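Just below is one structure, and these are the notes that go with it.
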Protein chains: 2
Amino acid sequence: MASPDGSPTAAVPTISVIAKELGVSRSTVSRAFTRPDLLKPETVEKVLAKAQTLGYVPNKVARALSTGQNGVIALIVPDIANPFFPPLIRAAQVDADRQDFCVLLGDSAENPAQESRLITRFTPQVDGLVLAASRLDDAALAEHARRRPVVLINRDVPGMPRVLTDSHTGFMQAIAHLAELGHEHLAYVGGPPGAWSDHQRRRGIAAARTDHGMTLTTFQAEPATYDGGKATVEAILASGATAVLAYDDVVAHGVLAGLTEHGVRVPEDMSVVGCDDVFAATTYPPLTTISLRCAEAGEIAVSVLLDLVAGRSVGDVRHSLDSHLIVRATTGPAPRA
Amino acid sequence: MASPDGSPTAAVPTISVIAKELGVSRSTVSRAFTRPDLLKPETVEKVLAKAQTLGYVPNKVARALSTGQNGVIALIVPDIANPFFPPLIRAAQVDADRQDFCVLLGDSAENPAQESRLITRFTPQVDGLVLAASRLDDAALAEHARRRPVVLINRDVPGMPRVLTDSHTGFMQAIAHLAELGHEHLAYVGGPPGAWSDHQRRRGIAAARTDHGMTLTTFQAEPATYDGGKATVEAILASGATAVLAYDDVVAHGVLAGLTEHGVRVPEDMSVVGCDDVFAATTYPPLTTISLRCAEAGEIAVSVLLDLVAGRSVGDVRHSLDSHLIVRATTGPAPRA
DNA sequence: CATTGTCATGCAACCGGTTGCACATCAAGG
DNA sequence: CCTTGATGTGCAACCGGTTGCATGACAATG
C-alpha cells in the first residue's frame, strides 16, 4: 500500500521471491530467463507464469554486475526539439526495446563540451552509444570509442561505424525538378557551418546545378532556425533567385514566412524546397521537400550498435541512406521575368 | 589496452585491488569515498592517492545494486514524435542532468499495454518515473506508484503528484477573442477520447462559449492527427461554424489543409485556433494558438520527482500551469453571413 | 543387475560495492 | 587500576542476479 505522501512501500519482486513461492532454487528461476533450454519445459512455464502474476522483471542492474552487460545504450543528439530528431529517437528506442535494451537519452545543446560530458557520464553504465550529428572532433570521437562501441549518425569518420542520411539524390532530383519548371537562378540557404549535413548539401547542390547550367547563390541561416531562415529573405530577393533550397524544413518555413511578409507569393513568384520531410504530415502548407529516412537511420544505428555489442559485427560499416524529392505545394513554374 | 578491432579490454581497478595493495580491508577503501569522516585523515589520503595512481573510479552499477540508488529516472511518453513532447523531454533531460541524474526514455505508442510493459521493465533500474499523458487507468497507475515514486504529467489522479498544462485560461481567452471578432458559431475538433487534455478542453470550451452565448458543435479527429483533422473539414463546413478550435496544433494544421482544399480562405472565411504552441516558431503560416508551458511541465515534473526520490517532498502535489492565447494570423473577423 | 550417461536442479561463489555490528586501542574519569 | 567512551578498522552479510560444479533420479546399455 502506498503511504500518504506517495512514497513507495511495495517491494519490486526478485528471483528470490519467485523461488520461495515456487519452492525452487534461485538458480532455477534465473535459468528460466537466461537458459530455459537447461530446464524442464514445464518448470520454465511455471516460473514464467509466476513471474507474470507477480510482475517480475529481471533487474538489469544486478545482471549487469555479474555479466558486465548493462542492457542499456545511450543516444545523444544535439537538440531533442529539432524536428529532425524525434522520429529518429523514437525509432531507436523502439528498435532497442525490441532487442531488450533500454535507451538513455542525452541532449548536448549543440555543445561539444556538454556532449563530451554526457558521454563520459553515460559510458560506465551503457553497453554502447549512438551519437547523432556529433559536434566533437574526430580525435575526441575515437577516444570515446575506445571505451565502448560507438555508432555515428550523420558524421562520416572513416574507421568508425556510421549511418548517413544522404541528401545527394534528393537534391539532384530537386534541381532537375526546378530546371524542368524553368528556373535558372537558385539560392541555397545553408545551415550550421561545421555540420556534415550542411557540407554534403552544399557539395551536392553545387554539382547538380552545373549539370543544368543554373546560377547558384549561397546564403547562411544564422542561426539555422526559423528566424535565421526568415532573416535571409531580403538578400535572397536581391539575388534574383526564383527558387530557394533550404538547409532543412525549419529554415524553409522561415523563408516562407519572410517571403510572405515581403508580399512574395509561393509558389507563383518563388519556389521553396525544404529538406528532411519532418513537417509534411503535420503542417500546412504542404512543403515540397527532400525525404531523408531519418527514422530508418536511428533504427539502423541501433541495429549496428547492438551487433557490435554482441560481437556479431565485422568490418567497416558505412550505411548511406538515399533520399528522394517529394513534390508538394511550394514549387511551381519559374515566373516570367 | 584496446584490442585491434577497437573493442575495449582494459581491466578496471576495483576496491579489492586497492585494498590488497594497501593491506587494508575493502570496507576501508569504500569508506574513503563514501564516509571519509569515519576514517583517520591519513588513511583517507593514502587510499585516495592509491586510487589516483591506479585510475580507480567507483563502479556506479555496483553501488546502485547495494544502495538502491541508481541515479536514473524514466520518462515515458505516448509518442516521442508528437511535437508536444520533444520540448518537454528536453527540459526533463536537462533538468535531470543538472541534478546528476540520467533519463531513460520510453515510447508507449499510445498503447496502455506497452506503457505498462515499459514501466515494469524500467522500474528495477530507476529511482522514479515521470509518466506523460499516461493512457493507464487510475488503478494501474496506483499499482506502479507503489513500487517507485511516480509523477504524472497531464493526468489528474488525486493522491498522486501531477503536473498539468491547463488549457482553460487559454481557451477562455480564445473564445473571448472570437466573440469580439463577431463569431457566433464555434466548432471544436476533439482529440484522443480517453485523454485528460481532451476532457479538459471540452469542458473549458463548453463553459466559456455559454458565457458568450455562442453555439458549439463538436467533432472528433479520428485519429487525432493532421489527416484526422483534415477529414473533419466537410462536417465542419456543413455545421455553419465560422471558427474552429482544434485539439492541438497538428490537428489545426490538418484543418487548415482541408479548408484550403475546399477553397475556404483563412482567416477571411474561417478562423482557426490551435493549441500547444509547438509550431509557432518553426512553421508558416503563423497559427493563432494557445500556449501551454509544456517544457516547464517537464522541468517541474522532474524537480518534484527528484524531491520525492530524495525524500524531500511532502503533501499532495498538483501543479497547474496556466496558458494563454497567442493571436497570430489564422483568426479574423467573422464573415458576413 | 551393475554401470554409464543424460537431464534437471541445487549449492555456493562471485560481480563490486555498502553497511551494521563487533572488536581493539587508547585517553580520560572515578 | 579499573571503567567508560570515543575512535578507527575489520568482518561478514547483503543488494539481485549468473554460473561452474556437484548431486540425484532415471533410462539406456552391456
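Chain A is the first sequence line, chain B the second, and so forth, proteins listed ahead of strands; every chain is numbered from 1. Here the structure is a predicted model, which is why all the values come from computation and not from measurement.
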| task | Would you indicate whether the side-chain heavy atoms of B:Arg31 and B:Pro36 approach each other to under 4.5 Å? | result | no

Point to revise | Sugar-phosphate only, base, or nothing, as touched by B:Tyr56 at under 4.0 Å among non-hydrogen atoms | key: sugar-phosphate

Per nearest nucleotide of DNA chain D, the residue lying toward the 5' end, B:Ser66 or B:Arg31, is B:Arg31

From CG of A:Leu39 across to P of D:dA25 the rounded distance in Å is 19 Å

Rounded to whole Å, the NZ-C1' distance (B:Lys20 to D:dG10) equals 17 Å

- Message: Can a donor-acceptor pair be found, under 3.5 Å and without considering hydrogens, that links the side chain of A:Thr67 to the backbone of A:Arg63?
- Response: yes

Have a look at B:Ser30 and say if it touches a base, only the backbone sugar-phosphate, or nothing, with a 4.0 Å heavy-atom cut-off.
-> base

Assert: residue with more 5' nearest nucleotide on DNA chain D, out of B:Glu42 and B:Thr67, is B:Glu42

- With a 4.0 Å cut-off on heavy atoms, is B:Val24 in touch with a base, just the backbone sugar-phosphate, or nothing at all? sugar-phosphate

Comparing nearest nucleotides in DNA chain C, the 5'-proximal residue of the pair A:Lys40, A:Arg26 is A:Lys40

Under 3.5 Å, is there a donor-acceptor pair between the A:Ser25 and A:Thr28 side chains?
yes

So the contacted stretch of DNA chain C, first to last nucleotide with an atom under 4.0 Å from a non-hydrogen atom of chain B, runs from C:dG16 to C:dG20

- Task: Would you tell me whether B:Thr165 and B:Asn154 have side-chain atoms, one donor and one acceptor, within less than 3.5 Å of each other?
- Result: yes

To the nearest 0.5 Å, atom CG of A:Asp97 lies from atom CZ of A:Arg90 at 13.5 Å

query = Can you find a pair of side-chain heavy atoms, one from A:Pro149 and one from A:Asp127, that are under 4.5 Å apart?
reply = no

| task | Classify the nucleic acid contact of B:Thr34 as base, sugar-phosphate or nothing, counting any heavy atom under 4.0 Å across all strands shown. | result | sugar-phosphate

*For B:Thr43, answer base if it contacts any base atom (sugar-phosphate contacts may also be present), sugar-phosphate if it contacts only those atoms, and nothing otherwise; contact means non-hydrogen atoms under 4.0 Å.*
sugar-phosphate

- So, is B:Ser27 near the phosphate of D:dT9, with a side-chain N or O under 4.0 Å from OP1 or OP2? no

Checklist entry - Under 3.5 Å, side chain of A:Arg135 to main-chain N/O of A:Pro112, donor-acceptor pair present? => result no

